[in-house]
Asker: 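I have a structure I would like to understand better, so I am pasting it below and will then ask my questions one at a time.
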Amino acid sequence: MTFEEIKEEAKSAETLEKLFSLWKQAHAAEPNYEETTVSYWTYKRKEKYPPIEQESFVADGYISEGEYNCSEKKVLFILREANIVMYRKDEKKDSNGKTINPDKRCQSGFYKWFINDLKSNRPKQQEKMARMAYYLQHPELSEEERKKPNEEGMKKALASCAYMNLNKRGGGSFVDWQVFEKYIEKYKAFIVRQIKIMKPNYIVYVGPNKVDISASLDPQIKEISMWHTSYRMKGQERSKNPQYCLDKNVDCYMRKFFEKVKENER
């Protein structure tokens, strides 16, 4: 099938498995794919990394499909792209010692790492997402209880939400906006279909996007735009007496999130 034929079929996909299968086919069939793919990456020491492969596909979606489907308030985090350029050489190998195929990449383990051991990366991305999810999932609790989940509450909250990257080929540590915008424009039908399949009540955009997909979504979905979890929050005052988390970085981030939620409720 041609790229356009695959795109038309994707519009009626009923499961993520089917949609992702078509999405991978679209990557392989895409004409002039170089326009939507990070071709090389220069970082700090002027190191150049091999171009991201045409067939590269980083799967995302449910962290735990069962937990997500049981949640009364379904939360979907939308990120821009997986940071894979520099880390492909460290990818896991299969039982035969062969590196996994580029179209079988997946980063769900990044979130399960936190759920299993409460370990978070340096910017505390998993913890911030867990706290945001808990707050949105529990309107029945008092405001104070929603803002201060315990460890088990955070684990369950993260397990019962979902995440997706807009650019499924992957990118680097910062966004090449020209490439990114062309990818989103070309794959918008796939992106919108994924959201429709997952049927979230809330979408939290993690990091500002220059591409607006809101007009194509169900108006009942509540959308919240937040800083990226690795944003250093320069100029933002850190509280000397953190209210919501002893980590001042997380506390500052969450105070901004609570402000954003209130703005959206007005």
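Computed from a predicted model, the values in this text were never measured in an experiment. The first residue of the sequence shown is numbered 1, and numbering continues consecutively from there.
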Asker: Report the residues that fulfil side chain to side chain contact (heavy atoms under 4.5 Å, CB included) with Glu9, sequence neighbours left out, ordered by chain and then residue number.
Answerer: Met1, Lys18, Leu22

Asker: Using side chain to side chain contact (heavy atoms under 4.5 Å, CB included), reason through Asp247 and Lys124 one step at a time and then give a plain yes or no.
Answerer: CA-CA 9 Å; Asp247 186 303; Lys124 306 289 186 183; 3.4 Å; yes

Asker: Tell me every residue that passes side chain to side chain contact (heavy atoms under 4.5 Å, CB included) with Lys260, counting only those two or more places apart in sequence or in another chain.
Answerer: Ile224, Met226, Lys256, Glu263

Asker: Ignoring hydrogens and angles, tell me if any N or O in the side chain of Arg146 forms a donor-acceptor pair with the backbone of Tyr135 under 3.5 Å.
Answerer: yes

Asker: Does Glu17, at its CD atom, have more than 12 non-hydrogen atoms belonging to other residues, nucleotides or ligands within less than 6.0 Å?
Answerer: no

Asker: Does the pair Thr36 and Glu30 meet the rule for a side chain to side chain donor-acceptor pair (under 3.5 Å), with working shown?
Answerer: CA-CA 9 Å; Thr36 63; Glu30 180 187 350; 2.7 Å; yes

Asker: Which residues satisfy the side-chain hydrogen bond (donor to acceptor under 3.5 Å, both in side chains) test with Gln54, sequence neighbours excluded?
Answerer: none

Asker: State the CG-CG distance between Leu79 and Asn165, to the nearest 0.5 angstrom.
Answerer: 5.5 Å

Asker: Tell me yes or no: between the side chains of Gln137 and Ser160, is some donor less than 3.5 Å from an acceptor?
Answerer: yes

Asker: Is NZ or CZ of Lys147 both nearer than 6.0 Å to the six-membered ring centre of Phe258 and within 45° of the ring axis?
Answerer: yes

Asker: At what distance, to the nearest 0.5 angstrom, does NZ of Lys262 lie from CZ of Phe257?
Answerer: 10.5 Å

Asker: Which pair of heavy atoms, one from Ser216 and one from Lys188, lies closest together, and at what distance?
Answerer: OG-CE, 3.5 Å

Asker: Centre-to-centre under 6.0 Å for His27 and Tyr183, is that the case here?
Answerer: yes

Asker: Within a strict 4.5 Å, meaning less than it, do heavy atoms of the Glu81 and Leu166 side chains meet?
Answerer: no

Asker: Once ring pair (Phe, Tyr, Trp, His ring centres under 6.0 Å) is applied, do any residues pair with Tyr68, and if so which ones, sequence neighbours excluded?
Answerer: Tyr62

Asker: Without swapping roles, check the side chain of Tyr253 against the backbone of Trp227 for a donor-acceptor pair under 3.5 Å.
Answerer: yes

Asker: Test: salt bridge (Lys or Arg N to Asp or Glu O under 4.0 Å). Region: residues 66-80. Which pairs qualify, not counting sequence neighbours?
Answerer: Glu67-Lys156

Asker: Say you draw a straight line from OG of Ser64 to OH of Tyr111; how long is it, rounded to the nearest 0.5 Å?
Answerer: 15.0 Å

Asker: Checking Tyr33 now: which residues fulfil ring pair (Phe, Tyr, Trp, His ring centres under 6.0 Å) with it, not counting sequence neighbours?
Answerer: none

Asker: With a 4.5 Å cut-off on side-chain heavy-atom distances among I, L, V, M, F, W and Y, is there a chain of contacts connecting Val206 to Met254?
Answerer: yes

Asker: Mind listing the closest non-hydrogen atom pair of Pro31 and Phe3 along with its distance?
Answerer: CD-CB, 4.0 Å

Asker: Which residues satisfy the side-chain hydrogen bond (donor to acceptor under 3.5 Å, both in side chains) test with Lys7, sequence neighbours excluded?
Answerer: Glu4

Asker: Can you tell if the side chain of Met164 reaches within under 4.5 Å of the side chain of Leu76, non-hydrogen atoms only?
Answerer: yes

Asker: Once rounded to the nearest 0.5 Å, what's the spacing between atom NZ of Lys182 and atom CD of Gln178?
Answerer: 4.5 Å

Asker: Side chains of Thr229 and Phe77, heavy atoms from C-beta outward: is any pair under 4.5 Å?
Answerer: no

Asker: Show the numbers, then the answer: is there a salt bridge (Lys or Arg N to Asp or Glu O under 4.0 Å) between Glu55 and Arg105?
Answerer: CA-CA 11 Å; Glu55 67 271 26; Arg105 293 178 171 130; over 6 Å; no

Asker: Of all the heavy-atom pairs spanning Val179 and Val38, show the shortest one and how long it is.
Answerer: CG1-N, 4.0 Å

Asker: Does the side chain of Gln126 come within less than 4.5 Å of Met129's, by heavy atoms?
Answerer: no

Asker: Do the rings of Trp177 and Phe180 sit parallel, tilted or perpendicular, given the 30° and 60° boundaries?
Answerer: perpendicular

Asker: With sequence neighbours left out, what residues match Glu140 under side-chain hydrogen bond (donor to acceptor under 3.5 Å, both in side chains)?
Answerer: His138

Asker: Is it the case that the side chain of Asn101 and the backbone of Lys104 share a donor-acceptor pair, with hydrogens and angles ignored and the cut-off at 3.5 Å?
Answerer: no

Asker: List the atom of Ser108, the atom of Tyr163, and the distance in Å for their closest heavy-atom pair.
Answerer: N-OH, 3.2 Å

Asker: For a 4.5 angstrom cut-off between non-hydrogen side-chain atoms, does Ile63 reach Cys161?
Answerer: yes

Asker: Under a 4.5 Å side-chain heavy-atom rule over Ile, Leu, Val, Met, Phe, Trp and Tyr, are Leu19 and Ile213 clustered together?
Answerer: yes

Asker: Using a 6.0 Å cut-off, check whether atom CD of Glu14 has over 12 heavy atoms from anything other than its own residue.
Answerer: no

Asker: Would Arg169 and Thr37 count as having a side-chain donor-acceptor pair, cut-off 3.5 Å?
Answerer: yes

Asker: Side chains of residues 189-196: which donor-acceptor pairs under 3.5 Å do they make with residues two or more places apart or in other chains?
Answerer:
unit_1 : atom_1 : unit_2 : atom_2 : d
Arg193 : NE     : Lys11  : O      : 3.4
Arg193 : NE     : Ala13  : O      : 2.8
Arg193 : NH2    : Ala13  : O      : 2.9
Gln194 : OE1    : Lys168 : NZ     : 2.9
Gln194 : NE2    : Asp60  : OD1    : 2.9

Asker: Within the distance-only criterion (no hydrogens, no angle test), does the side chain of Glu145 pair as donor or acceptor with the backbone N or O of Ser142 below 3.5 angstrom?
Answerer: yes

Asker: Under a 3.5 Å threshold, yes or no: a donor from one side chain and an acceptor from the other, between Tyr244 and Glu144?
Answerer: no

Asker: Atom CD1 in Ile6, atom CH2 in Trp23: separation rounded to 0.5 Å?
Answerer: 13.5 Å

Asker: Scan residues 125-139 for pairs that pass salt bridge (Lys or Arg N to Asp or Glu O under 4.0 Å), counting only residues two or more places apart or in two chains.
Answerer: Glu127-Arg131

Asker: What closest approach, in Å, do Leu16 and Gly61 show between heavy atoms, and which atom pair accounts for it?
Answerer: CD1-CA, 4.1 Å

Asker: Can you confirm whether the side chains of Glu223 and Ser214 place a donor and an acceptor under 3.5 Å from each other?
Answerer: yes

Asker: List the residues meeting side-chain hydrogen bond (donor to acceptor under 3.5 Å, both in side chains) with Lys24, not counting sequence neighbours, and say none if there are none.
Answerer: none

Asker: Taking all non-hydrogen atoms of both residues into account, name the closest pair between Ala26 and Tyr187 and its distance.
Answerer: O-OH, 3.5 Å

Asker: Honestly curious: do Met154 and Trp113 fall in one hydrophobic cluster under the side-chain, below-4.5 Å linking rule?
Answerer: no

Asker: OG/Ser71 to CG/Asn201 distance, rounded to the nearest 0.5 angstrom?
Answerer: 7.5 Å

Asker: Apply side chain to side chain contact (heavy atoms under 4.5 Å, CB included) to Ser225 and list each qualifying residue two or more places apart in sequence or on a separate chain.
Answerer: Tyr205

